[in-house]
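Naming convention: chains lettered A, B, ... in sequence-line order (proteins, then strands); numbering from 1 in each chain.
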Amino acid sequence: MTKQHANWSPYDNNGGTCVAIAGSDYCVIAADTRMSTGYSILSRDYSKIHKLADKAVLSSSGFQADVKALQKVLKSRHLIYQHQHNKQMSCPAMAQLLSNTLYFKRFFPYYAFNVLGGLDAEGKGCVFTYDAVGSYEKVGYSAQGSGSTLIMPFLDNQLKSPSPLLLPAQDSITPLSEAEAVDLVKTVFASATERDIYTGDKLEIMILKADGIKTELIDLRKD
Amino acid sequence: MFRNQYDTDVTTWSPTGRLFQVEYAMEAVKQGSAAIGLRSRSHVVLACVNKAQSELSSHQKKIFKVDDHIGVAIAGLTADGRVLSRYMRSESINHFFTYESPLPVGRLVVHLADKAQVCTQRSWKRPYGVGLLVGGLDESGAHLYYNCPSGNYFEYQAFAIGSRSQAAKTYLERRFESFGESSREDLIKDAILAVRETLQGETLKSSLCTVSILGVDEPFHFLDQEEIQKVIDTFEKVAEEEDEAEGEAEAAPAAAQAEQAGDQDVAPMEI
């Protein structure tokens, strides 16, 4: 008799795409606002971006229930940190905490595909990109979620140095101005929305700088 | 209170129905430097005297933030107080995690009291040697509670604990009926004046006291030295002018009285 397999899954994929780009003194974090399940739309107005600390903003696609649970855990841990250290967590510290939190559930993972954006201790933009179990890397830009395969190659084309053999990327910070970065984000999302059915409705863009956070909300195609 | 044959264990009753170890723990609270709390309808102020071990050391931290809407001031064994503050912070965070809403102050003090009671009924434990003034804001308004090492807790309009707290309590008893409607600034002033009562003659300086406040639309935070000094200056100046008026014989008692009436009821200065 063959082993019986479960006829249900604890996971669901709510779709959506998240992108982040780091600059010399800013960081842009963007995500669409469509939440779906299967071929249905659950919400056209669901934010996938969450502020964890003054200088660290998390954007996650995947299973939003797991994302919500992950955000709650990180928020509580951040409160404890603030009580103990009398200050907010820096972005690199939050990056490590996120990695540890994800790996903690290595054998029943958070179905969350994360991009963490923020400013480091020197005020330079930083982006950290993750897999579901906490493997992470500091990069200059990243995309995660259903539209990531459409967006990432284009970001590589625009932002990566021409040949890693001739000119290895010295810094993970892209030499873009804030306006150029925001424009690039709008462009990639417009394209991703065309071909990815799970991406669309609205685009939420958060721009993190030393003096605060600005948010922009832009319409995308609703089909 | 004298040594007797029923005071060795916390789990031994005396023939008159007392637990002496618990009462001794409450004595420890009276030995600590003063902590004062008062509340209005919308704000709670916690203040304390900064006591330093020696001139070389920094002063003990006696007021702790538990959450944006709860603060605690302690008197007694500050180590016990620190541990209990950590417990309170943990309870607050866990409550928010489960219910996505701030922990009501009344619930927190019950948890604290139950925790303290456990230590009065276990032979291998000792009571916490710290009194806690818990101030907080929740849906039912502003609250101030006092948690005892005995496991009892009471709600107060204003209270003072620690050494020479009786002087502060006398001051507060005279004025507490007006606190409910006090403005934020008046509440801070009353707190600092109450602290001054416990100093008994020592000149009040902003470096000698720590003041914290929380209220509607105002998360828990400490007042900085300049703010405290400004408040001290308002009533110290009036007192100085009083002294001058008296020094000039009874030439202008009306002027002095006018100053006093303009200001609040300033406690009599020792000359």
Taking everything shown except [X] itself, do over 12 heavy atoms lie less than 6.0 Å from its [atom1]?
X	atom1	answer
B/R164	CZ	yes
A/Y11	OH	yes
A/K222	NZ	yes
B/R82	CZ	no

### Query
Closest heavy-atom contact between B/I93 and A/H83?
CD1-ND1, 4.3 Å

## Note on the structure
Looking only at B/F64, B/F96, B/F97, most heavy-atom pairs under 4.5 Å shared with chain A are made by B/F97

### Inter-residue atom distance B/N94.CG - A/L79.CG, 0.5 Å rounding
10.5 Å

### Task
To the nearest 0.5 Å, tell me how far A/K75 NZ sits from B/E100 CD.
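Going from NZ on A/K75 over to CD on B/E100, the span is 7.0 Å.
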
